[in-house]
Number of protein chains: 2
Amino acid sequence: MPNQDGTGPRWMHGKFKCCGYRMTKPREAILDVLENTQEHLSAEDIYLAVHKFYPNIGLTTVYRNLEMLVNIEMIVKFDFGEGKSKYELSDHYSGKGHHHHLVCKECYKVVDYSDFMKDEVNFLKSTEDGLSKKYKFNITDHLIQFFGVCEKCSNK
Amino acid sequence: MPNQDGTGPRWMHGKFKCCGYRMTKPREAILDVLENTQEHLSAEDIYLAVHKFYPNIGLTTVYRNLEMLVNIEMIVKFDFGEGKSKYELSDHYSGKGHHHHLVCKECYKVVDYSDFMKDEVNFLKSTEDGLSKKYKFNITDHLIQFFGVCEKCSNK
DNA sequence: CTCCTATTGGTAATGGTTGTCATTAACAAA
DNA sequence: TTTGTTAATGACAACCATTACCAATAGGAG
């Protein structure tokens, strides 16, 4: 885990400051963990990872900061049907770019995909517009997930 | 609530029988509740509704049967981010037909919509095909939800 | 350096959901 | 209709992710 010296990437400080939040060690550690994984981590996963370097950071603090980071849209919370939430850096910060998830219903493996976006963009644009007008919703978000059985689980 | 006399719709018996399940009062009562609502009910909602007519049916039984009904695809389980699951009769049994959900992030009001399906069908077809091949998934399901703020909540 | 107050960490509580187990009831077979 | 097998039930406790509480701590502006 990089940045244990307390100096995180610039954008962290910038974003926190301008939102009126303080830059603290737990926040930095949590973002470090999320920056350095390709996985989709649960609150406890993050807690355990952070715990290795800062054993005194508690699970409660992790939850609190995850909630805050979701609020300022620095990370995104997902539910894949596992009974616990998973977290990812949001598109803008992750380098992964815009993507969606393909989830195995058996082992909960999650594949990020960003293929076939042309069709999606068309679909989203017209659907969002239509729904907004018809139902007078101010639409801010969408969730698109595909579920199925992965190759490994199919062969069991 | 109709069908308190113990004779439910034919299809219930048929479906249960052919799956090797027994037709019981709790199952019938749960399906009755789901057939006679337009809402999206939680396990407890269903328990309370059932409880009015059969006070001795327990919450555990409701959960167990909901799980079973999801397994045989007679109902569908949804998560709208409220911290509890909601249940609906599946398309084939509900009379609502295929639809998706538009969810208010503030009050959790859920709108069923089945408009703008032409674009969706195109999008789904090509995306599912593409994903199946590329990632070797046997895709069985998808989840499409739009989130936003409803008119009422916007005016607060 | 000081002060204000956001943030923290530990623990207890919450709330949805699931496990356990003795009892009951569906329904196939006689 | 009666019987026997076994799925299903109901009450309760356990589980587990998440949240509330509160005294102690530490950012960071001035």
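Residue numbers begin at 1 in each chain, while the letters A, B, ... track the order of the sequences.
Atom CG of B:L48 and atom C1' of C:dG16 are 14 Å apart (whole Å). For A:H51 and C:dT8, the NE2 to C1' distance is 15 Å, given to the nearest whole Å. Here the P atom of nucleotide C:dG16 and the CZ atom of B:F78 are 20 Å apart, to the nearest Å. The interatomic distance linking B:Y47 (OH) with D:dC12 (C1') rounds to 13 Å, in whole Å. As rounded to whole Å, 16 Å separates atom C1' of C:dT17 from atom NZ of B:K86. Counting to the nearest Å, the P atom of C:dG16 and the CZ atom of B:F80 are 17 Å from each other. Between the P atom of C:dT18 and the CE atom of B:M68 lies a distance of 15 Å, rounded to the nearest Å. Computed from coordinates, the B:D79 CG to C:dG16 C1' distance equals 12 Å when rounded to whole Å.
With contacts defined as side-chain heavy-atom distances shorter than 4.5 Å, the pair B:H100/A:T127 does not qualify.
With respect to A:K96 and A:E88, a salt bridge is recorded, a charged nitrogen being found less than 4.0 Å from a carboxylate O.
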Quick test: give all pairs of protein nitrogen or oxygen and nucleotides 24-30 of chain C nitrogen or oxygen below 3.5 Å, distance rounded to 0.1 Å.
{"unit_1": "C:dA26", "atom_1": "N3", "unit_2": "B:R22", "atom_2": "NH1", "d": "3.3"}
{"unit_1": "C:dC27", "atom_1": "OP1", "unit_2": "B:M23", "atom_2": "N", "d": "2.7"}

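In the hydrophobic cluster analysis, where Ile, Leu, Val, Met, Phe, Trp and Tyr join through side-chain heavy atoms closer than 4.5 angstrom, B:I57 is grouped together with B:I75.
For D:dT9, the OP1/OP2 oxygens have a side-chain nitrogen or oxygen of B:N65 closer than 4.0 Å.
Judged purely by distance below 3.5 Å, without hydrogens or angles, the side chains of A:Q145 and A:H101 never pair a donor atom with an acceptor atom.
For the ring pair (Phe, Tyr, Trp, His ring centres under 6.0 Å) condition, the pairs that include at least one residue of residues 103-136 of chain B, sequence neighbours left out, are A:F123-B:F123.
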Apply ring pair (Phe, Tyr, Trp, His ring centres under 6.0 Å) to the pair A:F80 and A:H40, showing each step before the final yes or no. CA-CA 10 Å; A:F80 297 128; A:H40 305 81; 5.8 Å; yes

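Here the rule is side chain to side chain contact (heavy atoms under 4.5 Å, CB included) with B:Y63, and of B:N65, B:T61, B:L59 only B:L59 fits it. For the side chain to side chain contact (heavy atoms under 4.5 Å, CB included) test with A:F146, the passing option among B:L124, B:D141, B:L143 is B:L124; the others fail.
In this pair, A:H51 and A:Y47 present their aromatic rings tilted. The plane angle is within the 30 to 60° band.
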Could you run down nucleotides 15-22 of chain D 5' to 3' and tag each one B, S or - for protein heavy-atom contact under 4.0 Å? --SBBBB-

